[in-house]
Structure formats: structure tokens, C-alpha cells
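Side chains included, hydrogens not; waters and symmetry mates left out as well; all remaining heavy atoms used. First listed ligand is number 1; within each ligand, the first listed atom is number 1.
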Amino acid sequence: MEKILDIITEKMQQAFADAGYDAAFGRVTVSNRPDLCEYQCNGALSAAKQYKCAPIKIAQAVVEKLNADDYSLVEAVMPGFINLKLSDHFLQAYLEAMRTAEDFGIVKEGTGKTIVVDYGGPNVAKPLHIGHLRSAIIGESLKRLYKFFGYHTIGDIHLGDWGLQMGLIIAELQERQPDLCYFDESYTGEYPAEAPFTISELEEIYPAASAKKKVDEEFAEKAHTATYELQQGRRGYRAIWQHIMKLSVADMTRIYNSLDVHFESWLGESDADPFIPDMIADFKAKGLAVESEGAWVIPVAEETDKKEVPPCILVKSDGSAIYATTDLATMVQRMRDFKPDKILYVTDKRQALHFEQVFRAARKGGIIPENVELEHLGFGTMNGSDGKPFKTRDGGVMRLEQLIGDMTEFVRAKVVENQIVEDSAVDETTAKIALAALKYGDLSNQPTKDYVFDMDRFAAFEGNTGPYILYTIVRVKSILSRFGAWEHLPIQAPANPCAKDLMLAVTKFGPALESALHSSAPNLICAYIYELAGCVNKFYHETPILKEEDETVKAGHIALIGLAKNVLETSISLLGFSAPEKM
Ligand code: ARG
């Protein structure tokens, strides 16, 4: 559906033309004086200069040409503003069209286009920690938003599954259990189906090996060799790698599921490996890679750079591929397999330079053609109340599972204390509220900014929080269920000023979502639904909905809150959470 602003701008432009002025002056904006009007046009002020006459004269002439049916207020005011309020009829017709259209009439601008969203990015064999939270939450939300706009979306987790960490685990395992068949090079039989370690052992082996590497040179050497041999395809090491992958991926899936975060593609750095040799050869053949102190690098600096952009390292002096190499090779794979129109990376903003280098190298090398968009959304840090990166009480890195668990217990206490639901529904209700608290607490901030994790505030049922939004939805659901079947009821003209405010808020759904999409900013969806929920609650407080005696009027109230509820529910599904039945 066309946005209201566009509809009334077109009408305004026509009115300017009909009054004998250039149509281009007819731009309408949302009013910055909501106490006076809903929309305004300041075009007469600019037109006055060109036509050398008083702006108010132009404004008056234009107002004459507007269709009075569309507005409850249309007036020219000094020195030459045109103030507008939409008519009841206009709003009613617009909302009824939204109600009956698919997805509220949103324009599916992504139809026929594919986007890869690279988010999550965990490393196998390492527990997910809070450093992984924002990528998961923001990436999932943006992916859902793109999908809503008609894009074919592929969320790719891009596992860290190939580097030295793998060699470290293999080397450490060999020291601990040298007799395992995986280390016997003469072994030709099948390897056991079960891993020789559990996930918790694995999570202990990795940090132990990582610490040992720093103090034990011989061990570090072994780990490097093991990494190399794994990448060369040594059978036993491959089998260990498979075990690590299987356990890790199962554990990650469980935790991402609890966050309602899902990936369409579970590829990792290892999957990019086969593309590396040809890609390097190509960069060299095109003369784009140059040798520098034994390494091969791609100079990517540009004249307009304000800060120095160092060359992108393609091959290290010891011949190994590194982070940038993998990201470039992954692009080769994605272009071949997914043919995306856009790739969006959602990582910590400290990786900004890395992506700048990689993007430039990819363009230079022709891996990513001009018409394919690349975007890195670098997000800020989640801080503790001390303003420093969030830590556990003893100063360690907090596991993601622990953070989710803490929030869940905090919410559960409220759910139980306030006897919100029957015992059998406590778990499910708690999980939904906790997820809303966690995700909205994060997403309501501009992604690039740091924010403070505040469990008390995030989980509050009042204020700009996830639970408040859920509460609003649940309240409406309860009214609707007491009313009975309502889905077929048409939207009516606003019954009172609160109804009109609510209707106006509903019409802003499309524009809010478009802005969120175009600026990769789920926080704009949060800001929108906070405003909408406020209008819903105000309407509810000022209007006796179920007590209304006139059945027709009552049906109008119900249709309106039903539509508002649907808009809220759709919006939170784009943020990645959902409402419980009761709250
Ligand atoms: N595994 C990486 C890390 O832990 C993050 C990967 C982000 N995605 C990417 N395509 N580089 O830092």
C-alpha cells in the first residue's frame, strides 16, 4: 500500500499545479506541531520566492484546490504554512485497506532478491558467551525484517571451525589420551561413532590447551602441525574434527533455539577452505596481490581515506591463510551457491576495519560485482552497570546460557509471585517474557551504541520494555476473547480522539518498518511499537470497550484494537519474540 505521506503529498502536488504553481513545492511532512495538526506543507514559503508573492496567498490558493473530504482540518496559516488533519473517512478507509491487505499492505521491495545475513559467528568447542548475544539477536531480527519485505533470506552462522583452535584441541587430546586410534597413523579401520569426550570436557580442553600454548613452545608447535595436517586431510584428525563439530553444533543449536534464533545455513570457515587456492592464484594473476616481507597482501588504501587502511593480508609469511582469506573465500562460495544481491555481516564494531579491507579486496578482485551490496553492521558492547563490558561477578566472561538462565529465573520469580498463570503454564510464560525482556532490552538501542544490561529495567512490566509490549498484547487478546469472533469486523471511523490517535499510530507501521530496514535499525521498530502500545493503552483506558451498549460502535472498537494487536504481534515477531496467552 502507498504510504499516507506519499498519498497526501501527491494530492498536495496536484493542488499546487491546479493553483498554477510548480507541483514540486507540494511536499508534505509529518507535523512537528502535533498540537496543531498531523501533517504540514511548507512549500508555499519556498514558492513565494520564485513567484514573488506573499506565501499566505499561495497557501490559500492551494488549500482551495484540495479535496475537503480528505481532511478534518485544512488551513493556510501565517506566514504560509498549510496545516492538515486527516478526515475520519480517510483514516477509516486507509486502515480498512491495511486490515484486509496481506501483511498490512507493506510493499514487498525485496521480491526476487536474495540476501545472506552472516551472523552468530561462534567458534566451535568454545561455549557461547555474552559476546555472541548481540550478533544473534540483531542478526535474527534483521533477517526476519528482510524476509518480511519479500527477500529470500539465508542466515549463515559462519562457524569458526577451522583455525588453530582445532589443532590445539587435537594436540591436547593426544597428550591426554595418546593411545586413541585417531593418533595411530597405521590405523585403517572405522573410527568410533561416539566421541572420546563430552561437550563439557571439550569446553575444558580448549582453554587448557590455549593456556598451554602460551607457555609451552613445543606444544604450540604440535598444535600448529596438527592444524596443518587436519587441513591437509589427515584421516584421524578429520574424525576428531567431526566429533568436535557434532557435539558443538548440537550444543549451539540448543542455546540458539532457546533464543528463538535459527540459521538456514550452518556453513563454517572450513567450507571456504576449498575455494582458497584458486582465489589466491587469481589475485596473484591479476597482479592485485603483492609480496611483502614474505606474505602476500592486497593493497586497498584509497586516496580519499581519512584514516590509514592497511593492506588486506591474503597469505601469511608461513604460507597459512587467515581470517581475511577465509572471509574472501566465503564470498566466492556465497556468490557461487546463493547468488545474493546483498551480504550483510552483523558483528562487533571492532571488526569494522577488517570488513572494510575485505570488502575492498573483494571488489578489486571481482569476487563481488558492483551490483551486489555489502554491508557491515558493527554493533556496540553490552556493558555492566559499571559501564564496562559485562562480566560475571568474579570478573569472568559470562556464558550465554548463564545469562539467559539468570534472566529466566528473575522473570520466573515475578510470574510465580504475581500468580500470573496456572502452575502448568509457568515455564512457557516465563520463557516468553524473559526472551522479550532480553531481546527488547538489546534491540531498543541503536545497534552501533553500547548499552547497559539492566535486568531490573529490562524485565519491568512498565516502561519502554519488552514485557510492557507483551502485556499490552495480552490485555487486548483478553478483551477480544471475551468479545468472541472479531476477525471479520471492518474498521470504522474513529469513535473519539484516542481512537483517532491510535489509528494514526497504526498507519505508521509501514513507514517505521521501511526506515528500520533501510537503516538496519530494529530499534526503530521498538520505538514504533512503544508508541503504538501507548496509544492502545490510552484508548483502552478512555473507552469503555466491552461496556459500550451500541453494538455497532462496540464492533468498531473491537476491530480497531484487533488490528492494533495484529500489528504489534507482527512487529514483535520481527524482533524475534512472541506473546504468551496470559500475563
Ligand atoms: N568467528 C568469528 C569470531 O569469533 C566471528 C565471525 C564473524 N563473521 C565473519 N564472516 N567474519 O570473531
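Formation of a donor-acceptor pair under 3.5 Å by the K349 side chain with backbone atoms of T448 is found in this model.
For the pair R234 and Y237, the cation-pi test (distance below 6.0 Å, angle within 45°) is passed.
Closest of all the heavy-atom pairs between P522 and P447 is CD-CG, 4.2 Å.
A salt bridge does not link K126 to E203: none of the charged nitrogens lies less than 4.0 Å from a carboxylate oxygen. With respect to the salt-bridge test (charged N to carboxylate O, under 4.0 angstrom), the residues D260 and R144 qualify.
Sorted by first and then second residue, the side chain to side chain donor-acceptor pair (under 3.5 Å) pairs with a member in residues 310-319 read D318-S320; sequence neighbours excluded.
The protein residues lying under 4.0 angstrom from ligand 1, judged by non-hydrogen atoms, are D118, G121, N123, H158, Y323, D327, Y345, T347, Q351, F355.
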